[in-house]
Amino acid sequence: MLALSIKLLLAHFIGDFLLQPEKWVKHKEAHKHKSKFLYWHILVHFAALILVLQADFSYWLGILIIIISHYGIDLIKLHLRSTSNARLLFALDQLAHIIIIALIVRIYEPYAFHIDTLFHSNVLLFVTCILGVTVVSSIVMKTIISKWYLKEDTDDASLENAGAYIGMLERLFVFAFIITQHWEGIGFLLAAKSVFRFGDLSKAKDRKLTEYILIGSLLSFGLAILFGLAYQYISTLL
């Protein structure tokens, strides 16, 4: 099962990412089902499947399902796409392709899957902690830090919501380091962040900015460590 899954995922990565130039993507978005590159894209997928499956046509049904479904999914995405939903459609598009691959694997190498698995205590604990170190922590930090106002908060030169996304990513890294027992990674991450923010931290004339950055960083790392330790402790009790 694992070998077949890897082969189908590899074919998907080759067709959808490695061998799909930006020129093709833009042409498809502009011309949709009339784009010749949509059909070239499907042909590349077919060739990738034949390659990774070593021309084993005992998988002909799976290949046919993947090719037809891929065409249908891409066509739906092209017709629904707009500038406001591009990221959401990309995520749903990839999720749909992964689900199709999982179904194909199950056809050839049946495996048991029960919906109750998604509601197992360990899974719910993991999801809870992930939400905790991302969305929940962001709101908690915003609430705590809101008592201080700095001009830099409204700097138009900054990317929209960049700080929130950076905080989420760093807390996810810290959480991952803790649950995998790689505490040294936290030190590396903290050092790397200090290097990148050296320009801000070295502004001796702006002590408020330095304190603001340190408070935010310590809060972010502290919340991530708290959720990481909670996950480790609770998981041993389940």
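Keep in mind the model is a prediction, meaning the values are calculated, not measured. Both backbone and side-chain heavy atoms feed into the values below; hydrogens, waters and symmetry mates do not.
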Taking all non-hydrogen atoms of both residues, which atom of [X] and which atom of [Y] are closest, and how far apart?
{"X": "Gly216", "Y": "Ile145", "answer": "CA-CD1, 3.8 Å"}
{"X": "Ser235", "Y": "Leu125", "answer": "N-CD2, 3.7 Å"}
{"X": "His27", "Y": "Ser35", "answer": "ND1-OG, 2.7 Å"}
{"X": "Ala11", "Y": "Ala48", "answer": "O-CB, 3.8 Å"}

Say you draw a straight line from [atom1] of [X] to [atom2] of [Y]; how long is it, rounded to the nearest 0.5 Å?
{"X": "Arg106", "Y": "Leu103", "atom1": "CZ", "atom2": "CG", "value": "8.0 Å"}
{"X": "Leu75", "Y": "Lys32", "atom1": "CG", "atom2": "NZ", "value": "10.0 Å"}
{"X": "Leu124", "Y": "Leu118", "atom1": "CG", "atom2": "CG", "value": "9.0 Å"}
{"X": "Ile6", "Y": "Leu9", "atom1": "CD1", "atom2": "CG", "value": "8.0 Å"}
{"X": "Trp60", "Y": "Leu49", "atom1": "CH2", "atom2": "CG", "value": "15.0 Å"}
{"X": "Leu95", "Y": "Leu89", "atom1": "CG", "atom2": "CG", "value": "12.5 Å"}

Asp93 and His97 side chains, donor-acceptor separation under 3.5 Å: yes
Distance-only side-chain donor-acceptor flag, His70 / His41, under 3.5 Å: yes
Is the shortest side-chain heavy-atom distance between [X] and [Y] below 4.5 Å?
{"X": "Tyr39", "Y": "His33", "value": "yes"}
{"X": "Gln94", "Y": "His12", "value": "yes"}
{"X": "Ile73", "Y": "Ile100", "value": "yes"}
{"X": "Val136", "Y": "Leu223", "value": "no"}
{"X": "Leu226", "Y": "Val133", "value": "no"}
{"X": "Lys28", "Y": "Asp74", "value": "yes"}
{"X": "Ile50", "Y": "Phe57", "value": "yes"}
{"X": "Leu53", "Y": "Leu4", "value": "yes"}

Phe119 atom CZ, over 12 foreign heavy atoms within 6.0 Å: no
Residue Tyr71 excluded, over 12 heavy atoms near OH under 6.0 Å: yes
Is [X] reaching over with its side chain to a backbone N or O of [Y], donor-acceptor style, under 3.5 angstrom?
{"X": "Thr236", "Y": "Tyr233", "answer": "yes"}
{"X": "Gln232", "Y": "Ile178", "answer": "yes"}
{"X": "Ser137", "Y": "Thr134", "answer": "no"}
{"X": "Arg81", "Y": "Ala86", "answer": "no"}
{"X": "Asn85", "Y": "Leu80", "answer": "yes"}
{"X": "Tyr108", "Y": "Gly62", "answer": "yes"}
{"X": "Ser5", "Y": "Met1", "answer": "yes"}
{"X": "Gln20", "Y": "Asp16", "answer": "yes"}
{"X": "His182", "Y": "Glu184", "answer": "no"}

Residues Arg171, Ser138; criterion side chain to side chain contact (heavy atoms under 4.5 Å, CB included); working and verdict: CA-CA 10 Å; Arg171 288 191 296 276; Ser138 291; 2.9 Å; yes
Listed partners of Glu109 passing salt bridge (Lys or Arg N to Asp or Glu O under 4.0 Å), at least two apart: none
CA sep, side-chain torsions, deciding dist, call: Phe126, Ile179, side chain to side chain contact (heavy atoms under 4.5 Å, CB included): CA-CA 10 Å; Phe126 182 75; Ile179 67 175; 4.2 Å; yes
Residues which pass side chain to side chain contact (heavy atoms under 4.5 Å, CB included) with Ile144, listed by chain and number, not counting sequence neighbours: Val140, Leu219
Among Tyr231, Phe221, Trp183, the one residue meeting ring pair (Phe, Tyr, Trp, His ring centres under 6.0 Å) with Phe175: Tyr231
Ile130/Leu172 under side chain to side chain contact (heavy atoms under 4.5 Å, CB included): CA gap, chis, key distance, verdict: CA-CA 7 Å; Ile130 292 297; Leu172 282 172; 3.9 Å; yes
Cluster overlap [X] with [Y], hydrophobic side-chain contacts below 4.5 Å:
{"X": "Val44", "Y": "Leu18", "value": "yes"}
{"X": "Leu51", "Y": "Phe46", "value": "no"}
{"X": "Met168", "Y": "Phe177", "value": "no"}
{"X": "Leu43", "Y": "Leu19", "value": "yes"}
{"X": "Ile67", "Y": "Ile107", "value": "yes"}

Intermediate values then yes/no, side chain to side chain contact (heavy atoms under 4.5 Å, CB included), Leu38 and Trp24: CA-CA 8 Å; Leu38 173 61; Trp24 290 19; over 6 Å; no
